[in-house]
**Student:** 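Here it is: the structure, laid out below.
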Protein chains: 2
Amino acid sequence: MGRPRGFDEEQVVRAARDVFWEKGFDGTSTADLCAATGLNRSSLYNTFRSKEHLFLRSLAAYITVSTNSMVETLDDDRREGLDRIRALLSEIADDAARTREQGPGSGCFVVNTTTSTAAHDPAVARMLDADRDRRLAALRTAVLAGRADGSVHPDRDPEATAWYIVSVISGIRVAGQSGAGRTVLESIARTAIEALRA
Amino acid sequence: MGRPRGFDEEQVVRAARDVFWEKGFDGTSTADLCAATGLNRSSLYNTFRSKEHLFLRSLAAYITVSTNSMVETLDDDRREGLDRIRALLSEIADDAARTREQGPGSGCFVVNTTTSTAAHDPAVARMLDADRDRRLAALRTAVLAGRADGSVHPDRDPEATAWYIVSVISGIRVAGQSGAGRTVLESIARTAIEALRA
DNA sequence: CCGGTTCTGGTCCGAACGTTCCACAAACCG
DNA sequence: CGGTTTGTGGAACGTTCGGACCAGAACCGG
């Protein structure tokens with residue numbers, strides 16, 4: 001009952017995500033959000049309680065698609081464990097390269113947030129922690145699968161190796177923002193895999 | 001001639017660096033800078049033209065000590081090439097762990113800036129680019145030394161490998177901010193080295 | 001077609017922002 | 001010791017910030 005919304009909430013969140021992604025939480029004003037979403041301040045505050053709440057929604061939206069895609073790649077049991085990880089790093093490098101190629105890139109929203117907002121916003125930190133755990137879990141099982149099928153070196157501890165790959169992914173993402181081109185990013189991914197080889 | 005300054009400029013820059021490091025450019029107000037440096041707004045603006053200029057000075061100060069230390073480790077020709085890189089990653093992991101242990105860490109100022117301010121401030125981007133080139137050069141020579149003395153696998157291209165290590169370093173730094181503890185960070189560093197082994 | 005409920009556009013708010021300005025304090029030079 | 005130069009404290013600038021508010025528009029069930 002009452003007047004219906006003149007916008008699609010998910011669509012608004014996506015638009016907001018792009019702004020936060022590009023400018024960061026501190027660098028984004030409510031005016032920026034109005035401009036990007038097409039919504040008036042009132043509608044924004046009526047729908048999402050505050051700038052921070054909208055940021056959390058935006059971050060969650062990003063995390064969902066990004067980590068879902070990652071888990072999908074890592075759970076593909078038609079491939080050997082190492083091959084899945086190789087495919088994952090290849091996707092990451094490609095994604096970083098593409099993000100970079102179109103305009104002065106904004107890198108990865110999760111990494112950007114980890115290195116800025118997370119330190120001062122507990123709610124953001126908690127969301128990132130949960131996502132990190134999910135990524136670590138998916139990586140751990142892929143490493144275990146790799147050790148079982150003989151593609152991953154038996155000395156590689158699943159937990160430590162999962163962290164290594166998480167770290168490599170962040171590294172590739174930052175390298176993309178540091179000016180590394182596609183071929184460089186792909187070579188980083190290839191080199192990183194060498195550490196896991198059986 | 002004229003009244004002398006009541007403060008040490010380098011010391012002020014260091015204080016400013018710590019604030020920018022912790023809160024980022026956007027998150028730092030001129031009031032924060034006054035509080036941290038003990039200087040009045042007037043003295044701040046009289047000495048450094050603007051907030052951005054002070055930020056550049058702060059970043060330069062950080063880069064100098066950080067990259068000098070890195071180059072020193074990498075140029076130690078009493079060790080084999082791979083050993084130098086191992087020592088470097090060990091220092092980075094230790095540094096990340098220490099930064100993390102004292103308060104909710106602020107990670108690495110260079111990484112934080114790369115993932116936020118660099119995209120929108122050309123002067124900052126130029127400074128980071130120059131520093132990255134210096135780090136890449138030092139790494140390249142260490143890799144070359146390692147190939148010559150047989151400690152680094154001959155298939156490892158110096159340029160690509162230098163980028164790989166730069167990327168691993170960023171990754172370790174981000175991992176530190178993602179909640180990885182000392183032992184995890186050290187294990188990441190050890191795993192990363194495995195990719196280079198002869 | 002009307003009462004109720006929700007959404008929307010615009011305005012307004014106090015606070016904080018980066019920066020400028022000015023009156024005065026403090027030192028050096030002659 | 002007077003004049004010049006430079007640094008300092010603090011107030012003030014206009015702007016922008018995140019957020020609150022309200023009058024009216026748009027739709028609902030009856």
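Note on naming: letters A, B, ... go to the chains in the order of the sequence lines (proteins, then strands), and numbering restarts at 1 for each one. Note that these values count all heavy atoms, side chains included, but never hydrogens, waters or copies made by symmetry. Please read all numbers here as calculations on a predicted model, not as lab measurements.
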**Student:** Mark yes or no for a side-chain to base donor-acceptor pair under 3.5 Å between Arg41(A) and dG19(D), with no hydrogen or angle criteria applied.
**Tutor:** yes

**Student:** When only distance counts, do a donor and an acceptor, one from the side chain of Arg5(A) and one from the base of dT6(C), lie under 3.5 Å apart?
**Tutor:** no

**Student:** Which whole-number value in Å describes the distance from Arg49(B) CZ to dC21(C) P?
**Tutor:** 13 Å

**Student:** Is the phosphate of dC17(C), meaning OP1 or OP2, less than 4.0 Å from a side-chain N or O of Ser29(B)?
**Tutor:** yes

**Student:** Look at the side chain of Ala31(A) and decide which nucleotide, out of dC17(D), dC21(D), dT8(D), has an atom nearest to it.
**Tutor:** dC17(D)

**Student:** Would you indicate, yes or no, if dG18(D) has its OP1 or OP2 atom less than 4.0 angstrom from a side-chain nitrogen or oxygen of Thr30(A)?
**Tutor:** yes

**Student:** Starting from the 5' end of DNA chain D, give me the residue, Thr47(B) or Thr28(A), whose nearest nucleotide shows up first.
**Tutor:** Thr47(B)

**Student:** Between Asn40(A) and dT8(C), is there a contact of a side-chain N or O with OP1 or OP2 at under 4.0 Å?
**Tutor:** no

**Student:** Could you give the CG-to-C1' distance, from Leu54(B) to dT19(C), as a whole number of Å?
**Tutor:** 14 Å

**Student:** Output the single nucleotide from dC27(D), dC7(C), dA20(D) whose closest atom is nearest the side chain of Pro4(A).
**Tutor:** dC27(D)

**Student:** Salt bridge check, Glu194(B) against Arg190(B): does any charged N sit closer than 4.0 Å to a carboxylate O?
**Tutor:** no

**Student:** Is there, by distance only and without an angle test, a donor paired with an acceptor across the side chain of Ser50(B) and the base of dG18(C) below 3.5 Å?
**Tutor:** no

**Student:** Nearest whole angstrom, please: distance from the P of dA26(D) to the CZ of Phe7(A).
**Tutor:** 16 Å

**Student:** Rounded to whole Å, how long is the line connecting atom CD of Glu9(A) with atom P of dT8(C)?
**Tutor:** 11 Å

**Student:** The side chain of Arg3(A) is closest to which nucleotide in this list: dT8(C), dG10(D), dG9(C)?
**Tutor:** dT8(C)

**Student:** Whether the Arg41(A) and Thr30(A) side chains hold a donor-acceptor pair (N or O, under 3.5 Å, no angle test) is what I'd like checked.
**Tutor:** yes

**Student:** From CG of Leu39(B) over to P of dG18(C), roughly how many Å is that when rounded to an integer?
**Tutor:** 16 Å

**Student:** Ignoring hydrogens and geometry beyond distance, is the side chain of Ser42(A) in donor-acceptor contact with the base of dG9(C) at under 3.5 Å?
**Tutor:** yes

**Student:** From CG of Asn46(A) over to P of dA26(D), roughly how many Å is that when rounded to an integer?
**Tutor:** 17 Å

**Student:** Using whole Å, report how far CZ of Phe55(A) lies from P of dG19(D).
**Tutor:** 14 Å

**Student:** Would you call Asp77(A) and Arg84(A) a side-chain contact if the rule is heavy atoms closer than 4.5 Å?
**Tutor:** yes

**Student:** Select one nucleotide: of dA25(C), dT8(C), dA20(D), the one nearest the side-chain heavy atoms of Tyr45(A).
**Tutor:** dA20(D)

**Student:** Does any non-hydrogen side-chain atom of Leu128(B) lie less than 4.5 Å from one of Ile63(B)?
**Tutor:** yes

**Student:** Take the protein atom CG of Leu33(B) and the nucleotide atom C1' of dT19(C), then report the distance between them rounded to whole Å.
**Tutor:** 13 Å

**Student:** So which heavy atom on Trp163(B) is nearest to which on Ser178(A), and how close?
**Tutor:** CH2-O, 4.2 Å

